Chemist: 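Here's a structure for you.
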Amino acid sequence: MFLKINQRNYHVTDLIVRIACVALVIYWVMPWRFASHYEYLQRNEIQRELVEQVTSNISMQRMPACEYSDILADNVITYLSQYREHVLRGEEILPGGEYFPEDCSARFSTAIIVPYRKREEQLHAFLVYMHNYLRQQRIHYRIFLVEQYDQKPFNRAKLFNIGSVIAAELEFPCLILHDVDLLPMNLGQLYACTQKPRHMSSALDIFRFTLPYGGLFGGVVAIQTHQYRFINGMSNLYEGWGGEDDDFYARVCSHKLGICRFDPSYSTYTMMPHKQEKKNENRIKLLRSGYKRFEIDGLNSLVYTEKERRLHSLFTHILVET
Ligand code: UDP
Ligand code: BGC
Ligand code: MN
C-alpha cells in the first residue's frame, strides 16, 4: 500500500518535471516569450496618425501635394538586391544628402539623425540603401551623420541631442533617430512623424521579427522636434552600450506623450551584423535614478564642440567632440 502511494507520487512528480522541461524548451524556442501582445496601428489607421509638416522652402512649392495612400496600401518589400548594390539616379540627391520630389510637393520634412563612429562598411551600405528606399516614399528628407570624434566611450544619446539641435536650426519638424546598421524592409514604414513618438523598428530580424519587451524604444524612432525639446531630449550621461533608449522611453512616458508603432508587417527591419559593444556597467543604476534628472540632464545641459560640418554627396557630416 505504502509502496503504491510512493510510486504514484514518483510518477506524478516525474510527469510535472517533464511538462515543466517541455514548457521551458517551448518558452526559449518560440517567439511568444517576447512581448506577445503589444498595441500597434492597423494599416487603415496609419495615414490619419501622420503629422503633415514641412520646412518653409518646401511649403512654398507650387505643385499638387504628393500622394501617400498607394505606398501605405501596398507596403511593398524593398529589401532587394537592386536597391542594395548602388545608388540609383544619384543626380537627384542634393549635396548634404537631401532630397525632395520635384513633381509634387512633399507633405513631410524629416531629418534622419545617425549617431556614428567607426562603422564604415555599415555606413556605406546604409547610405546606398536608404537613398534608394527613401526617394520612393516621396518625402522631403536629409541625412545627418553625427560622428563622435574623440576617444571617449561612445555616447549614442548625446549624438542624437546634437543632431536634434542642428536639425531644429534648419527647421526640420520631424526627427528620425536611426542606428546606422538598421535597414527597413517594407516601404509602408513612412519616414514621417506620427502624433505620438513612434518606435519604428519593432519587427527586427535579430529578434525574429518580434518585440523583446513592450518598452523597447531603440533602433529607429520618429519624434516631432517640439516633442523632443519638450522632454529635454535624451540623457547625456550614458556612455557605452545600453540603457539610453530605456531612459528615453521613461522620459516620453513621464511627459505623458505615449508612443505608437505600426503594424508589424510595416515595421520589418534587418540589422547588419557586428560585434557586441562593451556594455555600460553603470546603466542599470543610471536608469533607476534617471527620473530625478529628466529636467536637468538633456538638451538643457548639452555641451559639445562641433569640429567640422561638411556636405557630402549622400549625407551631412557633423564631427563633434562630446
Ligand atoms: N554606433 C557606432 N559606433 C560604435 C557604437 C555604436 O556608430 O562604436 C552607433 C551605430 O549607429 C549603431 C548604434 O550606435 O547602430 C547602436 O549601437 P549597436 O549597433 O552596437 O547596438 P545594438 O542596437 O546592436 O545593440
Ligand atoms: C538595453 C537597451 C537595448 C535593449 C535591446 C536592453 O537591455 O538596456 O539599451 O536596446 O536591451 O538590445
Ligand atoms: Mn546594432
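Numbering of residues begins at 1 and proceeds along the displayed sequence. Whatever order the structure lists ligands and atoms in, that order sets their numbers, starting from 1. Computed from a predicted structure; not experimentally measured. Computation of the quantities below employed the complete heavy-atom set of this structure, encompassing side-chain atoms and omitting hydrogens, waters and symmetry-equivalent molecules.
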Chemist: Find the distance between CG (L299) and OG (S164) and round it off to the nearest 0.5 Å.
Modeler: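 Reported to 0.5 Å precision, the distance equals 4.5 Å.
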Chemist: What atoms in ligand 2 come closer than 4.0 Å to a heavy atom of L216?
Modeler: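 Near L216, the atoms of ligand 2 are 4 (C), 5 (C), 10 (O).
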Chemist: Can you find a pair of side-chain heavy atoms, one from Y228 and one from N161, that are under 4.5 Å apart?
Modeler: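 Yes - at least one pair of side-chain heavy atoms lies under 4.5 Å apart.
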Chemist: Measure the acute angle between the ring planes of Y129 and Y79, then classify it against the limits of 30° and 60° as parallel, tilted or perpendicular.
Modeler: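 Plane angle over 60°, so perpendicular.
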Chemist: Between atom CD1 of I16 and atom SG of C21, what is the distance when rounded to the nearest 0.5 Å?
Modeler: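 So the CD1 of I16 and the SG of C21 are separated by 12.0 Å.
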Chemist: State whether the shortest distance between N or O atoms of H178 and N or O atoms of ligand 1 falls below 3.5 angstrom.
Modeler: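 No, no N or O pair falls under 3.5 Å.
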Chemist: Does the N or O separation between W241 and ligand 1 drop below 3.5 Å for any pair?
Modeler: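 For ligand 1, there is an N or O atom that lies under 3.5 Å from one belonging to W241.
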Chemist: Counting only heavy atoms, which portion of H274 has something under 4.0 Å from ligand 1: side chain, backbone, both, or neither?
Modeler: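 It is the side chain that gets close, since no backbone atom is under 4.0 Å.
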Chemist: Can a non-hydrogen atom of V114 be found less than 4.0 Å from any atom of ligand 1?
Modeler: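 Judged by the 4.0 Å heavy-atom criterion, V114 does not count as contacting ligand 1.
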Chemist: Below 3.5 angstrom, do we get any N/O pair linking D246 and ligand 2?
Modeler: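 D246 vs ligand 2: N/O contact under 3.5 Å present.
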Chemist: What about Y99 and H131, are their ring centers closer than 6.0 Å?
Modeler: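 No, the ring centres sit 6.0 Å or more apart.
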Chemist: Counting heavy atoms only, which of Y116, F126, F154 comes nearest to atom 9 (C) of ligand 1?
Modeler: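 Looking at heavy atoms only, the winner is F154.
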Chemist: Who's closest to atom 8 (O) of ligand 1 heavy-atom-wise, of K118, R156, E277, E147?
Modeler: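 Among K118, R156, E277, E147, the closest heavy atom to atom 8 (O) of ligand 1 belongs to E277.
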Chemist: Report the member of L159, L145, L123, D181 with the shortest heavy-atom distance to atom 15 (O) of ligand 1.
Modeler: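 Ranked by closest heavy atom to atom 15 (O) of ligand 1, first place is D181.
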Chemist: Under a 4.0 angstrom heavy-atom cut-off, which atoms of ligand 2 come close to G242?
Modeler: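 Taking each heavy atom of G242 in turn, ligand 2 has 9 (O) under 4.0 Å.
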Chemist: Return the residue, atom name and 0.1 Å-rounded distance of the protein heavy atom closest to atom 11 (O) of ligand 1.
Modeler: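 Checked against all protein heavy atoms, atom 11 (O) of ligand 1 sits closest to P115 O, 2.8 Å.
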Chemist: Has G218 got any heavy atom lying under 4.0 angstrom from an atom of ligand 1?
Modeler: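 No, that is not the case, since the closest heavy atom of the residue is not under 4.0 Å from the ligand.
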Chemist: Just to confirm my numbers, could you give the angle made at the Mn ion (ligand 3) by NE2 of H274 and OD2 of D181, rounded to 10°?
Modeler: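 That angle works out to 90° after rounding to 10°.
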Chemist: Any nitrogen or oxygen of R283, side chain or backbone, less than 3.5 Å from one on ligand 2?
Modeler: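 No, there is no polar N/O contact under 3.5 Å.
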Chemist: Can you find a non-hydrogen atom of G218 under 4.0 Å from ligand 2?
Modeler: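 No.
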Chemist: More than 12 foreign heavy atoms under 6.0 Å from CD of Q82: is that the case here?
Modeler: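 Counting other residues, nucleotides and ligands, CD of Q82 exceeds 12 neighbours.
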Chemist: Counting each atom of ligand 2 from 1 as listed, which ones have a heavy atom of W241 under 4.0 Å away?
Modeler: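 Counting atoms of ligand 2 from 1, those under 4.0 Å from W241 are 1 (C), 3 (C), 11 (O), 12 (O).
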Chemist: If you count the atoms of ligand 2 from 1 in the order shown, which ones are under 4.0 Å from a heavy atom of Y213?
Modeler: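 Selected atoms, number and element: 2 (C), 4 (C), 6 (C), 11 (O).
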Chemist: Below 4.0 angstrom from a heavy atom of G243, which ligand 2 atoms are there? Numbered from 1 as shown, please.
Modeler: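 It comes down to these atoms of ligand 2: 1 (C), 2 (C), 8 (O), 9 (O).
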Chemist: Who's the nearest protein heavy-atom neighbour of atom 7 (O) of ligand 1, and how far?
Modeler: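 Protein heavy atom with the smallest distance to atom 7 (O) of ligand 1: R117 N, 2.9 Å.
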Chemist: Measure across I71 and L187 and return the closest heavy-atom pair with its distance rounded to 0.1 Å.
Modeler: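 Taking every non-hydrogen atom into account, CG2-O, 3.6 Å.
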Chemist: Considering only protein heavy atoms, which is closest to atom 10 (O) of ligand 2, and at what distance to one decimal place?
Modeler: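 Closest protein heavy atom to atom 10 (O) of ligand 2: D245 OD2, 2.5 Å.
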Chemist: Run the salt-bridge test on K152 and E239 with the 4.0 Å N-O cut-off and return the result as yes or no.
Modeler: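 Answer for the salt bridge query: no.
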Chemist: To which protein heavy atom is atom 23 (O) of ligand 1 closest, and what is the distance rounded to 0.1 Å?
Modeler: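 Protein heavy atom with the smallest distance to atom 23 (O) of ligand 1: D179 OD2, 3.7 Å.
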Chemist: For D245 and F217, which heavy atoms make the closest approach, and how far apart are they?
Modeler: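 Scanning both residues completely, I find the closest heavy atoms to be CB-O, 3.7 Å.
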Chemist: Any non-hydrogen atom of M271 lying under 4.0 Å from ligand 1?
Modeler: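 Under 4.0 Å: yes for M271.
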Chemist: What is the nearest protein non-hydrogen atom to atom 20 (O) of ligand 1, stated with its residue, atom name and distance?
Modeler: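 For atom 20 (O) of ligand 1, the nearest protein heavy atom is R119 NH2, 2.9 Å.
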Chemist: When rounded to the nearest 0.5 angstrom, what is the spacing between CD1 in I112 and CD1 in I143?
Modeler: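 Between I112 CD1 and I143 CD1, I get 5.0 Å after rounding to 0.5 Å.
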Chemist: Rounded to the nearest 0.5 Å, what separates atom OG in S201 from atom CZ in F207?
Modeler: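 One gets 9.0 Å once the value is rounded to the nearest 0.5 Å.
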Chemist: Do H178 and F126 have ring centres separated by under 6.0 Å?
Modeler: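 Yes - the distance between ring centres of H178 and F126 falls below the 6.0 Å cut-off.
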Chemist: Report the C-alpha distance between H140 and F172 in whole Å, list the side-chain angles of each, state the deciding distance to 0.1 Å, and finish with yes or no for ring pair (Phe, Tyr, Trp, His ring centres under 6.0 Å).
Modeler: CA-CA 10 Å; H140 167 219; F172 278 92; 5.4 Å; yes
Chemist: Salt bridge or not between R119 and D179? Use side-chain N to carboxylate O under 4.0 Å.
Modeler: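 Judged by the 4.0 Å cut-off on N to carboxylate O distance, R119 and D179 do not form a salt bridge.
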